[in-house]
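Basis for what follows: all heavy atoms, side chains included, without hydrogens, waters or symmetry-related copies.
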Amino acid sequence: MEVFTVLRPAKNSYSVYETLSKNDVSMDFHSILTMKLNIALMAVKDGKKSAEQAYTDLLPELQKALEEAKQKGAKEKAEKK
């Protein structure tokens, strides 16, 4: 627990939306991320998956969603110009 009490907040604390926008990631990714995390956490809570298995299953899904959101975000940015 000491590790968590020693850390200080980052000086440049960006919101998730600011971070997504800054990196040209479509805002749709936030809802996808939230939904997939909730599903994974419920599976762990319900005993359907271990935390490790949920994590292992979640990574490739989120990576694919992030790549798609980056492509969409770049397209949205180009259309704004």
Leu20 reachable from Leu33 in the ILVMFWY side-chain graph, under 4.5 Å edges = yes

key: Closest approach of Ser50 to Gln53 (non-hydrogen atoms, all atoms of both residues)   = OG-N, 3.0 Å

ask   = What's the spacing between Glu79 CD and Lys75 NZ if we round to 0.5 Å?
value = 5.5 Å

task = State, to 0.1 Å, how close Ala51 and Val44 come at their nearest heavy-atom pair, and which atoms those are.
result = CA-CG2, 3.8 Å

query = Roughly how far apart are Leu62 CG and Leu37 CG, rounded to 0.5 Å?
reply = 6.0 Å

query = For the residue pair Phe29 and Ala69, what are the closest heavy atoms and their distance?
reply = CB-CB, 3.6 Å

request  = State yes or no: do Ile39 and Tyr55 share one hydrophobic cluster built from I, L, V, M, F, W and Y residues joined by side-chain heavy-atom distances below 4.5 Å, directly or via other members?
outcome  = no

Atom pair CE (Met42) and CG (Asn38), whose distance is rounded to the nearest 0.5 Å = 8.5 Å

request  = Look up atom CD in Glu18 and atom CG in Asn23, then write down how far apart they are to the nearest 0.5 Å.
outcome  = 11.5 Å

Residues which pass ring-ring contact (aromatic ring centres under 6.0 Å, His included) with Tyr17, listed by chain and number, not counting sequence neighbours = His30

task = Report the C-alpha separation of Met27 and Ser21 in whole Å, then their side-chain angles, then the decisive distance to 0.1 Å, and conclude whether the side-chain contact (heavy atoms from CB on, under 4.5 Å) test is met.
result = CA-CA 7 Å; Met27 293 299 157; Ser21 177; 3.5 Å; yes

key: From Lys49 atom NZ to Asp57 atom CG, the distance as rounded to the nearest 0.5 Å   = 4.0 Å

request  = For Glu67 and Gln71, test the side chains for any donor-to-acceptor distance below 3.5 angstrom and give the result as yes or no.
outcome  = no

message = Please give me the minimum heavy-atom distance between Ala54 and Ala40, naming the atom from each residue.
response = CB-O, 4.1 Å

ask   = Asp24: what forms a side-chain contact (heavy atoms from CB on, under 4.5 Å) with it, not counting sequence neighbours?
value = Lys77

